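Heads up, the thing below is written out as structure tokens.
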Amino acid sequence: MSETDPRRWKALIFIALAQLMVVLDATIVNIALPSAQQDLGISDGNRQWVITAYALAFGGLLLFGGRIADLWGRKRTFVTGLIGFAAASALGGAATGEAMMLGARALQGVFGALLAPAALSLLAVMFTDAKERAKAFGIYGAIAGGGGAVGLILGGFLTEYLNWRWTFFVNIPFAVVAALGAYFVIREPAGGRNRSPLDIPGVVLSTLGLVSLVYGFTRAESAGWSDSLTIGMFVASAVLLAAFVLTEAKVKSPLLPLRVLTERNRGGVYLSLGLAIIAMFGLFLFLTYYLQIVQGYSPVKTGFAFLPMIVGMITGSTQIGARLMTRVPPRLLMGPGFLVAAVGMLFLTQLDVGTSYAGVILPGQLLLGLGMGTAFMPAMSLATHGVEPRDSGVASAMVNTSQQVGGAIGTALLNTIAASATTAYLTDHASLGATNPRLLQAQAMVEGYTSAIWWAVGILAVSALIAATFITTGAQGGNASASSEDGAEDEVKVPVLVH
């Protein structure tokens, strides 16, 4: 590994700023969607495509973006992704109709898929000392984890006091500052590129397979699990991804070397983290609905209501996870961390129409954030355990891909559970509708939310079990190359919470 870059801490500022922009964009656009739909004349049926267009492009192209970063250079890919994301955001803010908006969102997804793996792998190769790496990714993890809630606050302010177009335009200064800073400050270590020929069949099969998978879950949410196109998407995804695995096992220079997936600790991280993201999406989705629709919070007030989770996540990430990940085995942080998060979710299963914020929602969010922050740090430390620097881009992309698919599954699965529970409650208590229909509707919605959150509790418990049984490595102390040959690192990766 090359000598330590003296400007690495300055570089962290600009890389974290870019990550904050991507995470902010997720929740900002969700808040702005009703206003944008009305102004641009987007139908209710096509409204979801403002979210789905981004998700499909981002999720489908992540592995390709990671490989491009390894091939083309991480710094160059990072700056290109930032410039492209800024241009796509400008296009979205200036949209005059449905087609222009959907095209802009798809372009944001394309450039986001370049940006995210490049940012993660840049930090991984720049911070090679275990203690420094823990500190750097503790800061980065807190920004990545808490950025979604900050987006709710910023999106609420922009939508209420300016207009929805500023929720797109706000990305431009973020991207310009991050791109200029990266260009002048980041110095990528030499010798880390993978100049092997691009695996075109792997790119095509992985992109089509992941797009089919993400779209299958997205469609299941709106059209149902028995819909013929939904089933067709899942079948197509299974066939395409199976073909991708077979292709990667045979080609000389695979897009995703299978050794990245098959190492026990790394596999445990991908699986437990993907499941945890499903549960996290349950919190963001249902608590946002609950606070705004049932409790009548404004978008700005809703954003501030998520602050305890940010505080918990920052504390868990920087004060617990980052301090202990070089001293104790990762499973002793990840398992208990996911269990603490599950206890936080357990608080939220007690939601009712008139629930006290201070008595239930506040402690629930604090515990959830504390547990997730504590678990994320060692999980990210292991995400590319033993992977050579030349493969760090695709390994980073694999982490993001597991989370993107987890987010799609979480949204579709938990929404379906909530909708079924709401319908069942309305059917069972139909007689109450004659006296107070609004109260009945609110009670039915809360019943749906809590039913889905119970599932999220169970999913987090499974994440804890996987972390405790699959992950067997010891504390990740010493130099980054301590456990692998020729400078391969126990690199740290941080999740991108996307929509």
Side-chain angles (χ1 to χ4, degrees), residues 62-63 65-67 69-70 116-117 119-121 123-125 127-128 130 133-134 137 140-141 144 192 194 202 206 210 241 244-245 248-249 254-278 321 325-326 328-335 337-338 372 375-406 462-496:
L62 270 168
L63 285 175
R67 181 65 180 86
D70 288 335
L120 296 175
S121 53
L123 257 69
V125 298
F127 288 89
T128 56
R133 205 165 65 251
F137 283 98
Y140 187 80
N194 183 347
S206 67
L210 289 169
L241 292 177
F244 171 66
V245 171
E248 299 309 274
L255 173 70
L256 177 65
L258 295 183
R259 61 182 177 272
V260 171
L261 297 177
T262 53
E263 199 270 327
R264 175 174 178 160
N265 293 289
R266 196 157 50 242
V269 166
Y270 292 154
L271 192 55
S272 63
L273 210 52
L275 287 170
I277 294 299
I278 292 176
M325 62 182 271
T326 58
V328 302
R331 66 180 180 277
L332 297 184
L333 289 172
M334 289 179 65
F338 286 135
M372 285 295 199
F376 278 162
M377 284 313 303
M380 297 309 105
S381 173
L382 287 172
T384 57
H385 178 71
V387 171
E388 296 178 17
R390 66 193 181 94
D391 288 335
S392 67
V394 290
S396 303
M398 189 60 214
V399 179
N400 287 318
T401 300
S402 70
Q403 292 154 6
Q404 177 68 17
V405 172
V462 173
S463 290
L465 182 64
I466 290 170
T469 54
F470 276 61
I471 296 169
T472 57
T473 188
Q476 302 299 293
N479 188 271
S481 60
S483 67
S484 52
E485 59 186 356
D486 194 29
E489 300 171 290
D490 296 324
E491 297 159 358
V492 184
K493 300 289 175 277
V494 180
V496 182

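None of these values were measured; they are calculated from a predicted model.
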> If you look at every heavy atom in Met334 and Ala467, which pair is closest and at what distance?
Replying inline: CB-CB, 3.8 Å

>> How close do Ser206 and Leu63 get, counting heavy atoms only, and between which atoms?
In response: CB-CD1, 4.1 Å

> Just how far is it from atom CG of Leu465 to atom CZ of Phe470, taken to the nearest 0.5 Å?
Replying inline: 8.5 Å

> For Ala69, which residues count as a side chain to side chain contact (heavy atoms under 4.5 Å, CB included) partner, sequence neighbours excluded?
Replying inline: Arg74, Thr77, Ala118

>> Using 0.5 Å steps for rounding, measure from the CG atom of Leu273 to the CE atom of Met372.
In response: 8.5 Å

>> On a heavy-atom basis, which atom in Ala276 and which in Phe338 lie closest, and how many Å separate them?
In response: CB-CE2, 3.5 Å

> Which atom pair, heavy atoms only, marks the closest approach of Leu210 to Leu241?
Replying inline: N-CD2, 4.2 Å

> Is Ser272 reaching over with its side chain to a backbone N or O of Ser463, donor-acceptor style, under 3.5 angstrom?
Replying inline: no

>> Looking at every heavy atom in both Gly335 and Ala464, which two are closest together, and how far apart are they?
In response: O-CB, 3.5 Å

> If every non-hydrogen atom of Gly321 is compared with every non-hydrogen atom of Leu333, which pair is closest and at what distance?
Replying inline: O-CD1, 4.2 Å

>> Run the side chain to side chain contact (heavy atoms under 4.5 Å, CB included) test against Thr472 and tell me which residues pass, sequence neighbours left out.
In response: Arg264, Asn265

> Does Glu248 reach the main-chain N or O of Leu258 with its side chain, forming a donor-acceptor pair under 3.5 Å?
Replying inline: no

